[in-house]
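First up is the structure itself, then whatever we jot down about it.
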Amino acid sequence: MLSEKSTAVVRATLPAIGAAIDDITPVFYRRMFAAHPELLRDLFNRGNQANGTQSRALAGSIAVFATMLLENPDRRPDGLLARIAHKHAALGITADQYTIVHRHLFAAIAEVLGEAVTPEVAEAWDEVYWLMAGALIAMEARLYAASGLGDGDVWRPWKVVGRMEETAEVATFMLRPADDGPVPPFRPGQYVSVQVALPDGARQIRQYSLSCAPDGDDRWISVKRVGGDPAGEVSNWLHENVREGDVLTVGAPFGDVALDDGDGPVLLASAGIGCTPMVSMLAHLAATGSPRRTTVVHGDRTESSHAFREQTQLLTAKLPDAALHVWYERPEGEWPAERTGLVDLSGVEIPEGVRVYLCGPVPFMRSVRTQLLERGVPASRIHYESFGPDLGLDAA
């Protein structure tokens, strides 16, 4: 994949590039947003820009891709690329935007590293970039085609036909196409993008897991209020402004972490609002009368903050071979001591050949993944969905 000449240069310069990339990415974003303010206003998540997570994710993906090219020159890292491609397709990214990123990223590299960026170094890293960009462009084109969409043409008006308050912090919005067109299919675990016009004129986009089974005429998203600084401007706007009868701009469903079609055992593990893709998977298993051995694990702060608590109990009870395990950090009533605190899988049976799906805060997913690896579950059978920029479960 990477030419022999560039391999030697990238191998020699990767430590320096890696050490400087946290300095490079802020310069890159500053340059790109100065030239294209519409990207920050209408495409990139302003909250992730403010807290630095987007920069860390970009830095991590480039460094990981270059490392994989060096360590496995005959194998393309399609797992890494597929996750990024699905995120990009959900946002309607098009091929021409990769040229914009390239221009400002390489200008930032030259600004930060100065004379160290010789023509030879620039040429080698240019090859790395376009290997990654070219693969992503091709993957995204296939995703658009498979969804029957033109490149980047993912947006459509959806009418809110119902709103349900799951908890004090979580609301479910029931959506139906406002144009009376067909409802696009999705796989349990996938997500959609929602674009809203904010008071300052920005059209910000956020992605939300679908929290319903794939059948039916409606699609549900369940949104949690987000506090902190910066607060969740889109999620909180939805809570405060959207009611039944309103129309939202919603993208087509995408996502590489979706329930497989096999018949082997599954473990659905979530914490907090990470329950949304798991509820979709569980609803699908119950709707199809699946005989699969199903283990459901969830951790939350309290009973009252646990969204879909009753629905999860009912869906699990419908399955012929399923078990539900719940932990609360601060139980509000009588609750077993061994299920108080953080999720601890030591007392949970892990079936041979299980396939695992994780969703929740990164510390939760990292902890559960570590426990599973220690119990002998192969890493290749543990899949996770990250609601924010993917910083990787192996990151410190």
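Hydrogens, waters and symmetry mates are skipped; everything else that's a heavy atom, side chains included, is used.
Listed by chain and number, the residues in a side chain to side chain donor-acceptor pair (under 3.5 Å) with T249 amount to none (sequence neighbours excluded). Listed by chain and number, the residues in a side chain to side chain donor-acceptor pair (under 3.5 Å) with R41 amount to none (sequence neighbours excluded). By the side-chain contact (heavy atoms from CB on, under 4.5 Å) test, T316 pairs with L282, V296, T312, A322, L324, sequence neighbours left out. Remark: H102 engages F106, Y129, W130 in a ring-ring contact (aromatic ring centres under 6.0 Å, His included) (not counting sequence neighbours).
Here the CD atom belonging to Q204 is positioned 12.5 Å from the CH2 atom belonging to W237, to the nearest 0.5 angstrom. Here the CG atom belonging to L267 is positioned 9.0 Å from the CD1 atom belonging to I382, to the nearest 0.5 angstrom. Rounded to the nearest 0.5 angstrom, L268 CG and T295 OG1 are separated by 8.0 Å. Here the straight-line distance linking atom CD of E329 with atom OG of S305 works out to 8.5 Å at 0.5 Å rounding. With rounding to the nearest 0.5 Å, the separation of CD1 in I100 from CG in L105 is 13.0 Å.
Salt bridge present: R293 and E349 bring a charged side-chain N and a carboxylate O closer than 4.0 Å. A salt bridge links R46 with E233: the closest approach of a Lys/Arg side-chain nitrogen to an acidic carboxylate oxygen falls below 4.0 angstrom.
Every pair passing salt bridge (Lys or Arg N to Asp or Glu O under 4.0 Å) that includes a residue from residues 242-263 is listed here, sequence neighbours excluded: D260-R292. Residue pairs meeting the ring-ring contact (aromatic ring centres under 6.0 Å, His included) criterion with at least one member in residues 294-325, sequence neighbours excluded: H298-H306, H306-Y328.
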Trace of the side chain to side chain contact (heavy atoms under 4.5 Å, CB included) decision for F65 with L81: CA-CA 9 Å; F65 183 77; L81 295 171; 4.1 Å; yes
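Using a 3.5 Å distance cut-off with no hydrogens or angles, the side chains of S235 and Y208 do pair a donor with an acceptor. A side-chain donor-acceptor contact under 3.5 Å links E127 and S3. The closest side-chain donor-acceptor pair between D151 and T94, if any, does not fall under 3.5 angstrom. Donor-acceptor pairing under 3.5 Å is recorded for the side chains of S304 and T302. S222 and T172 form a side-chain donor-acceptor contact under 3.5 Å, judged by distance and modelled atom types alone. Side-chain polar atoms of Q371 and R369 form no donor-acceptor pair below 3.5 angstrom.
Enclosure of atom CD in E310 is not indicated, since only 12 or fewer non-hydrogen atoms of other residues, nucleotides or ligands lie within 6.0 angstrom. The number of heavy atoms from other shown groups lying within 6.0 Å of CD (E38) is above 12. For CD of E240, the number of neighbouring non-hydrogen atoms (other residues, nucleotides, ligands) closer than 6.0 Å is greater than 12.
Both tests do not hold together for R339 against W335: distance to the six-membered ring centre under 6.0 Å, angle to the ring axis within 45°.
S147 places no side-chain N or O within donor-acceptor distance of the main-chain N or O of L149, the cut-off being under 3.5 Å.
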